Structures are given as structure tokens and as C-alpha cells.
Amino acid sequence: MCGIVGYIGTKQAAPLIVQGLKRLEYRGYDSAGVCLLADGGIRIEKKAGRVMDLERAVDMDQLHGTVGVGHTRWATHGVPNDANAHPHTDQSGTIALVHNGIIENYLTIKKKLLNAGYTFRSDTDSEVLAVFIGMLYETLQDLEQAVRTALAEVEGTFGIVVISTHDPDMIIAARRGSPLILGIGNGEYLVASDAAAVIAHTRQVVYLNENEMAILRRDGFQTKTIANIDTHSVVEEIAFELEQIEKGGFEHFMLKEIYEQPITFRDGFRGRLQTEEGTVKLGGLATVREKLQSAKRIIITACGTSWHAALVGEYLIEALARVPVEVEYASEFRYRNPIISSDDVVIAISQSGETADTLAAIREAKLKGATVIGMVNVVGSTIARETDAGVYLHAGPEIGVASTKAFTSQLCVLTQFALYMGRMRGLSAEEGKRIAQELERIPEYISMILERADDVKAIAHAYAHASNFLYLGRGYNFPAALEGALKLKEISYIHAEGYPAAEMKHGPIALIDENMPVVFIAPHDEIYDKIVSNIEEVRARNGRVIAIADDEDTYIENVANHVLRVPRTLPILTPILASIPLQLLAYYIAVERGCNVDMPRNLAKSVTVE
Ligand code: G6P
């Protein structure tokens with residue numbers, strides 16, 4: 001969701017804040033704004049559109065001040081226009097605030113403020129909070145206390161940063177449900193929604209905890225709870241390098257991230273796979289090993305792409321460890337009073353580690369006594385910190401809104417988890433070794449597929465004008481079909497659906513005609529003949545078939561219009577390889593259609609509101 005950057009120090013804040021906002025733009029990009037304190041006054045510049053549009057409209061070098069805040073917005077309340085962009089001010093125009101999250105009781109508070117004669121310039125819940133803090137300040141005459149008092153009344157989620165002419169040498173930050181981190185520099189401090197905005201200035205960070213606030217001054221900072229109890233903050237080091245969040249010569253972050261996969265996949269098993277023993281060492285699970293050994297059931301919860309990875313995980317864990325697995329959308333799980341016992345293990349999968357629904361789902365699971373494990377990419381994120389144990393994905397920062405490398409890293413970690421559990425529960429060393437050996441070959445296979453990107457490009461060119469796409473797969477590749485369809489719709493805006501191939505007959509077949517491209521994932525496994533029959537059914541209705549098949553398949557050309565080849569591997573690993581041409585297909589189609597690949601309309605990378 002929204003991106004926040006605040007700065008207090010000795011440098012000019014505006015260019016530094018704008019640079020930070022650009023690095024956070026993947027979080028939200030429908031409007032942007034900055035606010036600077038200087039010479040006893042406050043100056044705000046904000047605009048609908050990208051950070052680039054704000055920069056074009058305002059000369060940042062003319063904005064003076066060494067204290068300031070900035071924001072990139074992903075609209076929740078009110079359309080993206082200049083007035084609804086952040087920062088928002090209180091009625092007196094002396095207190096400015098940026099906000100990430102949703103104030104759920106904003107209407108009640110707004111009504112009170114309207115009755116008291118206050119007026120509003122925007123449709124946002126965030127402005128209500130700014131005006132409310134301003135009203136409280138009038139009586140309290142203490143900004144920190146006004147913020148604390150306001151936040152005590154607020155329901156919902158927030159990461160906020162507040163600055164004011166009343167105390168121009170101070171920044172106040174507070175969080176509940178939306179992440180905020182402090183960057184600790186030399187005589188300067190930053191506050192941001194994630195480390196990407198901070199790393200150019202310092203690697204030393206403090207992750208604010210839930211219901212915590214920070215008071216930043218040039219000579220130091222203090223953390224406390226919103227209820228005003230001092231807290232102890234731990235300074236940690238950012239775990240990635242600046243180059244990892246830059247494009248490095250690629251046209252888009254998404255393409256760069258697709259091409260990083262031979263490395264990121266290897267990073268996911270490096271130091272973990274014990275090939276000779278046919279097992280896996282997962283240090284982060286040592287404390288819950290016994291729980292896993294005796295678990296009666298595993299529930300995996302996630303959203304979006306991570307939910308697709310979870311579905312593959314279900315097949316993997318049931319096949320290798322013979323434990324029943326259920327997969328749940330986190331947004332459904334959290335609200336349906338799920339039946340959970342202390343014999344259950346709940347796994348949360350999340351790239352960002354901040355998804356509001358996934359976070360709420362694990363809190364619910366913990367409350368009900370389950371052991372909760374995280375499979376998370378972002379180190380130090382809220383989900384990573386709130387789970388009992390976990391396995392990091394080690395995919396490095398993922399900036400492209402459409403998830404690619406995080407997905408294959410999730411499959412890498414899930415395969416190892418299934419192997420780890422399987423070996424505890426009867427899977428033979430020999431079978432384990434066979435899987436581990438093949439997993440080690442995957443990075444090389446991914447490189448081979450990437451070398452064939454031009455084949456995908458040609459197909460993308462031929463079908464870029466289609467209005468609908470169908471993606472079909474069976475078994476392990478049913479979730480891969482869902483993910484392929486999601487990738488396409490996210491970034492090209494073509495309507496695409498994924499289905500288990502055999503289900504096609506129960507509905508989607510009605511859509512098939514000569515204008516309908518159908519992507520089949522057809523690895524040479526035990527149900528290959530079934531999928532070939534499904535392909536025939538599509539061809540019989542003049543549908544156009546793009547098949548993903550393995551290098552050794554000599555039959556597929558007889559039935560498919562186009563074939564994209566991947567190396568042959570074990571059936572359980574086929575969704576990993578199938579994902580690569582599907583990611584490339586979505587990417588090249590979106591580029592052909594002139595879409596903004598890295599920042600697709602209406603989407604955000606990290607969904608911190610429910
Ligand atoms: C958003 C992103 C998706 C992501 C989903 C879940 O919708 O655009 O790419 O899969 O959130 O996010 P998570 O960070 O929990 O994996």
C-alpha cells in the first residue's frame with residue numbers, strides 16, 4: 001500500500017524524500033506529495049499521478065527544509081486527485097500527516113469534528129485524523145500527547161508520520177498494522193514504510209513494533225508504546241544491497257526479477273539441502289520440529305500469488321509427508337472462526353510479510369493454539385516476527401508488483417519443507433536423494449528456459465490482441481495455471497482464467513472458439529494422456545493451443561498450435577519450470593500492449609489494508 005518517507009537531519013530533505021518515494025513507488029502510485037518545515041512555516045506540494053509527475057510540477061531544489069515527510073498513495077477513501085493526496089494538514093495548517101492504512105471509525109470522528117465547526121478539503125480518512133490531532137492540540141498544547149490521544153480513539157490500521165511548526169525539530173511516527181522502520185544515521189534519522197527508502201543513507205534500522213511510536217530529533221530518538229510506556233528498540237542491519245533494488249540494465253524490474261531466478265532459486269536451497277542424506281536442514285524450524293513430527297494437519301494460508309504457491313504446497317506435502325493439508329485464503333480464514341487445535345500447524349506464506357489478511361490469519365491461528373510457521377521473503381517483516389518459527393525465501397527484494405521470483409522461491413522452500421517433513425514421516429532416503437538431486441538442477445533448467453525467451457516473445461506478439469485467455473493444467477500444474485492467468489491479467493489487463501484442465505468441460509468450454517488462446521501445461525507425467533485429450537477437445541472447437549511441454553515430448557506438436565519447451569524434470573518440480581515461460585508470456589504481452597508492467601493499474605505490491 002502507500003509509501004511513507006520522513007527525514008530529519010542536516011541535509012535538504014526534499015530531494016532525499018523524493019528519491020525515497022521513487023524507491024517505494026511499487027507500494028502505491030496514484031498520487032504523491034511532500035511537506036517541508038522551514039523558517040517557521042510549512043510547505044506542501046502534492047499531485048495526482050506518479051512521483052515523476054510531482055517532480056515535473058515542482059522544482060524540488062526550491063523546497064527548503066531539513067525536516068519533511070513524503071507519501072505515495074494507493075487510494076482507499078476518495079479518488080486519486082490532488083486534494084486527496086497526502087500530506088494532509090489540520091485545520092490550522094500547522095500540523096501535517098501522512099498515513100498508510102485505514103481509519104475505520106473515521107466517519108464517527110468526522111461527524112464530531114463537523115459538529116464542532118471543523119471543515120475538510122478531501123474525502124480521505126487520513127485528513128480526518130490530521131484534523132482530529134489538530135483539535136486535540138488546541139487544548140493539550142503538546143503534539144506528542146495529541147497524537148497519542150487521537151490514536152487511542154482510532155479504530156483500524158495506520159502507519160503515520162506527523163510533523164508540525166509547533167515543534168519543527170521533531171518527527172512523530174506511529175504504527176498499528178502498517179509497517180514503519182526507522183533509519184539511524186549520523187545526526188540524521190529517516191522513517192519509512194520499508195528499507196528500500198532508507199538503504200541509500202544507512203543500513204542501521206529499527207523496526208517499529210505494533211502499537212509503538214517513535215519521536216525523532218536530530219540528536220536522538222525515543223520509542224514508546226502509543227500508551228506512553230518506554231520500549232527498548234533493537235538496531236538491526238538491512239539484509240540486502242542497494243543494487244538489488246535497482247534495475248541493473250533491464251527495462252523493467254519484472255524482467256530483471258524473472259532473470260534473477262536461477263540465482264534466487266539456488267539461494268533458496270543453498271546451505272539447506274543435504275543431498276547425500278536425501279534431506280533438508282531448516283534451522284528456522286528447529287524449535288518446532290517435534291510439533292511438525294506429530295502434526296495431525298497442516299493449514300496453509302496466504303493471498304494472491306502466495307496462495308497459488310500454497311496450493312502447490314498442498315500437493316507436495318501430502319505426496320511426500322502424507323499429512324492432510326488445507327489451503328485457505330487468509331481473508332476467508334480470519335473471519336470464519338476456523339476450527340483449529342494445538343495439533344495443527346498453520347503456515348503463512350507471504351512475500352512482503354506485511355499482508356494485512358495473512359497477518360490477521362496467523363494471529364487468529366495463534367490465539368487458537370496452533371503452531372504458526374512463516375515462509376516469508378522480507379527479513380524483519382511483521383509476519384516473520386510474529387510467527388513461532390519460519391523459513392526465509394532469500395529471493396532478495398522484489399519490486400515488480402507482479403510477483404515472479406518470490407513465487408519460484410516459495411515453491412523451492414515448500415518443496416524442501418515437504419521433503420523435511422516427509423523424511424520425518426517415512427519417506428525413504430533414496431527417494432529424498434532423488435528429489436534433492438533434481439532440485440539442485442533446477443537453476444540450470446531455469447537458465448535454459450530463459451535462453452529461449454524469444455520463442456515466448458513470438459507467441460506474445462501473435463496473441464497480444466486477444467481479449468481472453470484460458471490457462472489449464474492438472475495436478476501440480478493446476479495452481480501453476482492459476483498463477484499463469486493471474487500474471488497475465490495483472491499486468492496486461494487481458495481477462496484470463498485458470499482451471500484444472502478436466503473442469504474445462506464444466507463451463508469454460510462454452511467460451512472456446514478461434515479467438516480463444518488456451519495455454520496448456522502438459523508435462524510428461526502420469527496424466528499426460530488425459531491432458532492431451534483435453535487439448536484435442538479445445539482443438540475440436542477451433543481454440544488456439546499454446547502448450548508448455550518438455551524437451552523430450554515428441555507427440556505434442558501433433559495437437560498444439562504452439563509449443564514452449566522446458567527441460568524434463570520430476571513431476572513434483574514441473575510447476576517451477578512451467579512458471580518461467582508463463583511469466584515471460586505475461587511480460588511480453590503486457591509490453592506489446594504498452595502497459596506499465598512494474599506498476600499495473602489499481603494494484604499494489606504490499607496490501608496492508610484488508
Ligand atoms: C498483492 C501483490 C501480489 C501478492 C499478494 C500477496 O496482491 O500484488 O503480488 O501475491 O499481494 O502478498 P504477499 O506479500 O503476502 O505475498
Side-chain angles (χ1 to χ4, degrees), residues 1-3 24-30 74 76 100 177-179 193-194 196 253-254 257-258 264 300-313 327-334 346-363 372-387 390-411 413-414 479-480 482-493 498 579 582-583 586-587 590 596-610:
M1 298 282 109
C2 312
L24 293 187
E25 223 178 354
Y26 69 99
R27 300 180 67 94
Y29 33 84
D30 61 44
W74 186 87
T76 58
N100 175 14
S178 301
S193 355
D194 74 54
F253 279 111
M254 182 179 175
E257 287 157 6
I258 290 173
T264 52
I300 317 182
T301 188
C303 304
T305 290
S306 301
W307 184 79
H308 293 154
L311 287 179
V312 181
V327 176
E328 294 250 18
Y329 282 116
S331 53
E332 292 297 315
F333 181 80
R334 64 181 287 194
V346 173
I347 303 177
I349 305 183
S350 175
Q351 188 287 126
S352 63
E354 301 292 350
T355 303
D357 283 321
T358 312
L359 189 55
I362 62 168
R363 287 180 181 157
V372 180
I373 292 174
M375 291 182 184
V376 171
N377 193 33
V378 177
V379 176
S381 55
T382 312
I383 295 175
R385 288 184 295 138
E386 289 202 14
T387 38
V391 190
Y392 276 120
L393 305 181
H394 294 320
E398 191 179 64
I399 310 289
V401 167
S403 185
T404 52
K405 63 174 181 172
F407 179 67
T408 47
S409 293
Q410 285 163 348
L411 300 191
V413 163
L414 281 162
L482 294 180
E483 175 59 12
L486 177 67
K487 282 293 83 76
L488 187 71
K489 72 182 127 191
E490 278 180 316
I491 60 169
S492 74
Y493 319 137
S579 302
L582 295 182
Q583 294 167 354
Y587 173 79
N596 186 341
V597 171
D598 284 333
M599 296 179 195
R601 73 178 176 215
N602 303 340
L603 296 179
K605 181 79 186 152
S606 174
V607 180
T608 53
V609 296
E610 55 173 297

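Order of listing sets the numbers, starting from 1, for every ligand and every atom in it. Just so it is clear, the model here is predicted, and its values are computed rather than measured.
Residue contacts with ligand 1: Cys303 is included, with a non-hydrogen atom under 4.0 Å away.
Only backbone heavy atoms of Ala604 (N, CA, C or O) come within less than 4.0 Å of ligand 1; its side chain stays farther off. Here Thr355 has side-chain heavy atoms under 4.0 Å from ligand 1, and that is the only part of it that gets that close.
Between the Tyr29 side chain and the Arg601 main chain, no donor and acceptor come within less than 3.5 Å of each other. Without hydrogens or angle criteria, Glu490 side chain to Ala402 main chain gives no donor-acceptor distance under 3.5 Å. Remark: the backbone N or O of Asn602 is not paired with any side-chain donor or acceptor of Asp30 at under 3.5 angstrom. Judged by distance alone, the side chain of Asn377 and the main-chain N or O of Ala395 form a donor-acceptor pair under 3.5 Å. With hydrogens and angles disregarded, no donor-acceptor distance shorter than 3.5 Å links the side chain of Glu483 to the backbone of Ala309.
Closest to atom 7 (O) of ligand 1 among all protein heavy atoms lies Val607 CG2, 3.9 Å. Thr305 N, 2.9 Å is the protein heavy atom nearest to atom 10 (O) of ligand 1. Among protein heavy atoms, atom 16 (O) of ligand 1 sits closest to Ser306 OG, 2.5 Å.
Ligand 1 places these atoms under 4.0 Å from at least one heavy atom of Val401: 8 (O), 9 (O). Those atoms of ligand 1 that come under 4.0 Å of a heavy atom in Gln351, given as number and element, are 13 (P), 14 (O), 15 (O), 16 (O). Under a 4.0 Å criterion applied to the non-hydrogen atoms of Ser403, ligand 1 contributes the atoms 9 (O). Close contacts between ligand 1 and Ser350 involve ligand atoms 13 (P), 14 (O), 15 (O), 16 (O) [criterion: under 4.0 Å to a heavy atom].
Ion pair Arg363/Glu386 flagged as a salt bridge, since at least one NZ, NE, NH1 or NH2 atom sits closer than 4.0 Å to an Asp/Glu carboxylate oxygen.
At a 3.5 angstrom cut-off on N or O pairs, Thr358 does not count as close to ligand 1. In terms of polar-atom proximity, defined here as any N/O pair under 3.5 Å, Gln410 makes no such contact with ligand 1.
Among Leu486, Thr301, Val327, Thr358, the one residue that satisfies the side chain to side chain contact (heavy atoms under 4.5 Å, CB included) test with Trp307 is Val327. The side chain to side chain contact (heavy atoms under 4.5 Å, CB included) with Met375 is formed by just one residue from the set Ile300, Thr387, Ile349; it is Ile349.
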